[in-house]
Each structure stands twice: as structure tokens, then as C-alpha cells.
Amino acid sequence: MSGVIRVLLVDDSELVRQSVRAMLELDSAEFEVVGEAANGLQAVAETARLQPDVVLMDINMPDMDGITATAKIMASTPVGVVIISVQGEQEYLRRAMKAGARDYLLKPFTCEELVKSLRAAATPGPSLMAASAPPPPKRQGKIITVFSTKGGVGKTTIVANLAAGLAQGGKVKVAAIDLDLEFGVLATMMGVRTQGSIVDLCRLEQPITPELAGRLLAKQNQSGVGVLAAPPLPHLASEVDGDGRVDRSRSYVSELIESLSASHDFVVIDTSLSFREANLIAFDKSDLILMVTQPEITALESTAKGLDVLLDRLEYPREKVQLVLNRSDTASGLSHEEIGASLGHPLSYLIPSDGTATLVAANTGVPMVLKRASRTPITEALLQMAAQVGGGEGVVRETVPVPVQLLKPATSGGVRRLFGLF
Ligand SMILES: Nc1ncnc2c1ncn2[C@@H]1O[C@H](COP(=O)(O)OP(=O)(O)OP(=O)(O)O)[C@@H](O)[C@H]1O
Ligand SMILES: [Mg+2]
């Protein structure tokens with residue numbers, strides 16, 4: 001296709017049509033609104049008459065709804081259809097994709113999202129539902145899962161900063177997946193507005209491909225990290241890895257991780273505090289599991305139990321599991337030597353405390369490592385971790401050194417010795 005993209009607007013609300021027209025006319029060089037329709041019947045007739053490149057189609061309309069109209073258009077005058085939907089219409093959305101829609105937009109959408117979607121739909125290619133078997137993976141990115149067996153120790157903070165640090169301002173392709181399926185807040189912490197969540201992918205009833213997974217990634221502005229949000233409500237988690245799955249023979253989490261690792265250099269995964277199925281699949285797929293803990297006796301006790309599961313029961317190689325001691329400089333009465341030795345596993349990364357910086361970062365949705373003007377001990381430590389996890393290429397940082405004795409293998413029975421002190 002060359003030149004201007006010709007668009008037909010279909011919505012029963014004149015106000016919506018006007019505002020979309022206004023958005024598109026801002027970029028009049030790229031788009032031309034060639035017509036409007038107020039219901040599905042008119043949409044089918046106007047598509048045949050005007051032969052637009054793209055039809056922007058609302059779902060709920062009188063006379064004929066947008067899904068039926070999409071199916072009729074695809075049967076008679078196939079063009080790229082972009083469905084407009086509102087949150088909560090996921091079931092309709094799936095039907096629209098089956099009817100042949102190329103893309104969808106959730107209301108309210110920005111001008112940028114509208115333009116991106118129309119451009120994609122105007123480019124010849126398969127519909128979302130027609131995309132079938134995953135293409136052979138072009139590259140196999142490194143998969144890193146961040147986990148803990150105690151809540152609130154800093155998993156999500158670390159995922160956000162690790163992903164942003166690995167991305168190096170967009171030079172490296174990084175995806176971050178929120179597998180904290182019930183209460184995940186990664187998208188909020190990274191300041192992204194999502195176009196949907198992991199649950200939308202599971203409802204499509206077709207294999208998850210890199211293209212499909214990529215469409216749901218919301219880009220974090222400053223870093224370029226693509227974020228896949230957790231389901232919007234806790235009860236939807238079971239559709240991803242539980243009894244609520246549309247097809248119980250499939251592992252959506254596995255398909256998703258594989259797809260994103262085929263199209264990204266790094267996939268960083270946030271988890272919930274549990275050994276639920278999504279987490280177990282993430283551990284299996286991962287090259288590295290970062291286990292986060294804090295210098296506090298109850299966190300350390302849970303970490304010891306978690307290490308026991310990962311290393312002794314699930315039998316992952318010791319080098320696959322690395323410990324991150326967050327808030328490492330807290331005056332806890334426990335030395336790093338004691339902690340490392342007592343857990344029977346070396347501490348690989350020390351991240352100091354900075355309550356103000358973490359709070360401001362979370363509230364503004366900009367991970368700390370992206371604030372290049374104000375380097376602090378916490379950002380240095382996080383960047384150092386990203387550099388080491390990423391293979392140490394390209395980024396040279398001053399480090400917060402890990403004490404040498406922590407890197408020595410710890411003595412066995414140490415956990416009990418430490419916990420026996422209290
Ligand atoms: N190094 C740090 N210094 C000070 N505060 C921190 C640090 N790391 C995290 N926090 C704060 O601790 C709280 C919990 O962090 P976060 O949400 O990242 O933990 P989590 O392990 O993901 O929690 P959950 O188990 O609820 O998912 C947040 O308020 C965060 O700002
Ligand atoms: Mg979290």
C-alpha cells in the first residue's frame with residue numbers, strides 16, 4: 001500500500017466519530033477519513049462502496065453490531081478492521097478477532113495508540129485469529145525470574161529496574177511479564193498504560209505467537225521495555241494457569257514465555273509469593289532465578305525454605321539460583337557474612353535501602369535506574385546487577401562490592417545455626 005491510509009469510521013455515537021476524526025486529521029498527511037457509518041449495516045455497504053484501507057469499528061451498535069458487520073465485510077470486501085471495545089467486553093473481543101478483525105483498541109485510547117493500530121491494520125497480513133503456528137524462534141533471549149518466599153521484599157522494584165537497566169535506553173530488546181497473576185502491579189510501577197493483559201492472550205483460542213504476545217506489550221517510554229500486565233482482577237488469574245483456562249490441555253504461561261524470548265534479548269518475570277503453576281513454569285523456563293530477600297529474620301527463614309524447594313526438591317542447579325539481598329544496609333543486627341553462610345547459598349547482589357527513591361519511582365512510574373542525572377548507591381547497585389545479569393557487556397558501573405567471604409560456599413547447617421540465635 002502506498003500514500004494516504006483511507007479510513008472508514010463506524011460508531012453509533014456522532015461524538016466518538018467526531019473526536020476520532022479530529023485525532024486523525026491532526027495527521028492528515030497519513031490518514032484520510034473517507035466516510036462514516038452509524039451501524040453495522042451501513043458499515044458493510046460503505047466498505048463495499050468506498051473500498052477503504054481500514055475500518056475502525058465499534059462493537060455495540062443498533063441494527064447490526066460490529067462483530068457481525070466485520071464477518072460480513074471479511075466475506076465480501078476483506079479489509080483491515082480495527083475493533084473498538086471497552087474493558088469488560090473481552091468475550092466480544094474474542095468473537096471479533098474470530099470474525100477477522102486485525103487489531104483492537106480499548107476505550108479510552110490515545111491518538112498515538114489509534115495511529116499505531118490503524119497503521120498495523122492497513123498493512124497487508126493475516127488477521128489476529130488467522131495467525132497460526134508460531135514462526136521458528138529467531139533468537140532465544142535470556143529468561144530471568146525474580147521470586148521470593150516473603151512478600152514485600154522488593155521483587156517488583158527489582159524487576160522494573162532490572163528490565164529498564166538491561167534495556168540500555170532501548171538498545172537491547174527487553175520484555176517484562178507480570179506473573180503476579182492476582183495482585184500484579186508491575187505495569188503501574190513502570191508507568192505504562194496497558195492495552196490489555198495476559199488474560200486476553202489466553203482467551204484468543206489459538207497458539208500464542210511472538211506477534212500476538214508483542215501486540216499486548218505496553219512500552220515503557222524512557223527504556224523501551226515492553227510490559228505485559230497481570231490480569232486486571234484477581235479472579236481472572238485462574239484463566240491463565242488454573243481451572244478457568246479455556247483449553248485445559250494448554251500451558252499459556254509456557255507459550256507466552258517462549259514467544260517473548262523468541263522476540264526479545266531478555267525476558268524478565270515478576271512473580272507472586274507462591275509455588276502456583278505460573279511460577280513453576282517460569283522457574284523451569286528460566287536461565288536464572290533471582291531470589292530476593294531482606295536482612296530480617298522472618299524473610300530469611302522463608303528464603304531458606306524457598307531455597308530448599310528450588311535446590312533440593314525441584315533440583316535446579318545451584319548456579320541457576322542467585323540471591324539478592326535487598327535493603328542490604330539496614331541496621332539489622334545480622335552481618336552479610338552470617339546471612340550468606342546461614343542460607344547455605346552465596347549472596348550475589350546487595351541492594352541498599354532508599355525509601356524515598358523507591359517511593360518516588362513507584363509513584364511516578366519511572367524506574368530509579370532511568371534517572372541518570374541523580375546516581376545514588378541504590379541506582380548504582382541496580383545497574384551493576386543489570387550489567388552482571390546481562391553478561392556484563394556495554395555497561396561499566398562503579399560497583400557496590402559484594403564482600404569476598406559471601407562468595408565462598410557456606411557451611412551446611414547454617415540456617416539452623418542462624419535461626420537458633422533467635
Ligand atoms: N531497596 C529498597 N529500599 C527502600 N524501600 C524499598 C526497597 N525496595 C523496595 N522497597 C519498598 O518496599 C515495598 C515493597 O516493594 P515491592 O512492591 O517491590 O515488593 P514485592 O516483593 O514485589 O511485594 P509483593 O510481595 O507485594 O509483590 C515498596 O514500598 C517499595 O518501595
Ligand atoms: Mg510485587
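Order of listing sets the numbers, starting from 1, for every ligand and every atom in it.
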Would you say that more than 12 heavy atoms from the other residues, nucleotides or ligands in this model lie under 6.0 Å from the CG of L15, or not? no

Under 3.5 Å donor-acceptor pairs involving side-chain atoms of residues 157-164, not counting sequence neighbours:
residue : atom : partner : partner atom : Å
N161    : OD1  : M368    : N            : 2.9
N161    : OD1  : V369    : N            : 3.1
N161    : ND2  : T157    : O            : 2.7

For K305 and T149, does a side-chain donor sit closer than 3.5 Å to a side-chain acceptor? no

Just wondering, are more than 12 heavy atoms of other shown residues or ligands nearer than 6.0 Å to NZ in K116? no

Any pair counted as ring pair (Phe, Tyr, Trp, His ring centres under 6.0 Å), so long as it reaches residues 165-184, sequence neighbours left out: none

When you check the gap from the basic side-chain N to the acidic O, do E239 and R245 get nearer than 4.0 Å? no

Less than 4.0 angstrom from a charged side-chain N to a carboxylate O is my criterion; do R17 and D58 meet it? no

Neighbouring protein N, O or S atoms of the Mg ion (ligand 2) [cut-off: under 2.8 Å, no waters]: T156 OG1

Using the ring centroid of each side chain, check whether Y104 and F109 are separated by less than 6.0 Å. no

Output, or 'none' if empty, a list of ligand 1-protein atom pairs in which both atoms are N or O and the distance is under 3.5 Å, rounded to 0.1 Å.
residue  : atom   : partner : partner atom : Å
ligand 1 : 1 (N)  : N326    : OD1          : 2.9
ligand 1 : 1 (N)  : P352    : O            : 3.0
ligand 1 : 3 (N)  : D354    : N            : 2.9
ligand 1 : 5 (N)  : R327    : NH2          : 3.1
ligand 1 : 5 (N)  : T358    : OG1          : 3.2
ligand 1 : 8 (N)  : N326    : ND2          : 2.9
ligand 1 : 12 (O) : R327    : NH2          : 3.2
ligand 1 : 18 (O) : T156    : N            : 3.4
ligand 1 : 18 (O) : T157    : N            : 2.8
ligand 1 : 18 (O) : T157    : OG1          : 2.5
ligand 1 : 19 (O) : G154    : N            : 3.0
ligand 1 : 21 (O) : V153    : N            : 3.2
ligand 1 : 21 (O) : G154    : N            : 3.0
ligand 1 : 21 (O) : K155    : N            : 2.9
ligand 1 : 21 (O) : K155    : NZ           : 2.9
ligand 1 : 22 (O) : K155    : N            : 3.4
ligand 1 : 22 (O) : T156    : N            : 2.9
ligand 1 : 22 (O) : T156    : OG1          : 2.8
ligand 1 : 23 (O) : G152    : N            : 3.1
ligand 1 : 25 (O) : G152    : N            : 2.9
ligand 1 : 25 (O) : K155    : NZ           : 2.8
ligand 1 : 31 (O) : T358    : OG1          : 3.3

Please tell me if the side chains of V10 and M61 come closer than 4.5 Å, counting only heavy atoms from C-beta onward. yes

